[in-house]
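All figures in this text were calculated on a predicted structure; none of them were measured in a lab.
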Amino acid sequence: MLKCKNQKEELQKYVNEHADYFQELDVNTAQAYSVFLHSKKLLKKMLPENEKKEGKVNMCKALEDLYQDGINQGISQGISQGISQGLEQGRLRINSLNQKLASQNRIDDIMKSAVSSEYQDKLLKEFGL
């Protein structure tokens, strides 16, 4: 385990290959592994299992949960970044539209597009934005 402590996929593979051993570790052994792996998160994932299995910890499940948490966090961050980028692109499009309309002295169109998304879409198409 120590050889692959910095390689998450290899660590998970090793634990899964030795599942018979790692599915029912005693609490002290599980805590020692989490210290060796420098993983407080792993320890937190293992302890709830301790309450369910009378002093036994399922390290396989803890690693799977930890891995899934990482995936979920990555997805969440990706979605959040995508939304932020989309909002910024939308702002840039509308600002560009307003600048073009203002340069043509089409103030009424700016006002109308601010309250009508259909009209705004029409103007965006008109200007190729």
Side-chain angles (χ1 to χ4, degrees):
M1 284 186 71
L2 291 175
K3 287 181 183 179
C4 54
K5 75 175 185 176
N6 293 322
Q7 301 166 351
K8 293 176 186 175
E9 290 176 9
E10 289 297 316
L11 178 61
Q12 183 134 19
K13 181 181 172 185
Y14 178 82
V15 170
N16 287 337
E17 286 173 356
H18 300 88
D20 294 347
Y21 173 73
F22 288 108
Q23 284 180 345
E24 291 195 6
L25 291 176
D26 65 88
V27 175
N28 291 333
T29 303
Q31 288 176 331
Y33 279 126
S34 70
V35 170
F36 291 145
L37 298 173
H38 302 288
S39 180
K40 291 179 184 177
K41 289 180 183 180
L42 179 60
L43 182 59
K44 287 179 184 177
K45 285 290 181 187
M46 288 187 293
L47 289 180
E49 287 294 315
N50 176 33
E51 296 168 6
K52 297 175 189 173
K53 288 201 172 194
E54 298 145 12
K56 298 292 181 185
V57 174
N58 186 339
M59 192 167 190
C60 296
K61 177 154 179 20
L63 280 173
E64 287 173 18
D65 290 349
L66 196 59
Y67 183 73
Q68 190 59 48
D69 287 351
I71 290 172
N72 292 342
Q73 183 180 5
I75 290 170
S76 178
Q77 287 175 347
I79 290 170
S80 178
Q81 288 173 353
I83 290 171
S84 294
Q85 288 173 352
L87 289 172
E88 182 61 24
Q89 288 174 348
R91 273 194 287 271
L92 291 173
R93 285 179 70 209
I94 299 307
N95 288 342
S96 181
L97 173 64
N98 288 338
Q99 288 171 354
K100 289 178 187 266
L101 290 169
S103 72
Q104 294 179 10
N105 207 21
R106 293 173 61 180
I107 306 305
D108 289 341
D109 286 335
I110 293 172
M111 299 302 290
K112 190 174 176 182
S113 73
V115 295
S116 170
S117 58
E118 292 86 13
Y119 192 68
Q120 190 176 72
D121 288 342
K122 178 184 172 220
L123 290 171
L124 288 165
K125 286 179 186 172
E126 178 184 329
F127 286 97
L129 301 170

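- Leu124 pairs by the side-chain contact (heavy atoms from CB on, under 4.5 Å) definition with Arg93, Ile94, Leu97, Gln120, Asp121, Leu129, not counting sequence neighbours.
- Legend: residues meeting side-chain contact (heavy atoms from CB on, under 4.5 Å) with Gln99, ordered by chain and number and at least two apart, are absent.
- The NZ atom of Lys100 lies 12.5 Å from the CG atom of Asn95; values are rounded to the nearest 0.5 Å.
- In this structure, Lys112 satisfies the cation-pi test against Tyr119, with its NZ or CZ atom closer than 6.0 Å to the six-membered ring centre and inside 45 degrees of the ring normal.
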Practice problem: Take Glu88 and Leu92 through the test side chain to side chain contact (heavy atoms under 4.5 Å, CB included) and record every step on the way to the result. | Solution: CA-CA 6 Å; Glu88 182 61 24; Leu92 291 173; 3.9 Å; yes
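- Summarising the geometry of Ser113 relative to Asn98, their closest heavy-atom pair is OG-OD1, 4.4 Å, with the distance given to 0.1 Å.
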Quiz item: Step by step, would you call Leu123 with Arg106 a side chain to side chain contact (heavy atoms under 4.5 Å, CB included)?
Solution: CA-CA 11 Å; Leu123 290 171; Arg106 293 173 61 180; 3.5 Å; yes
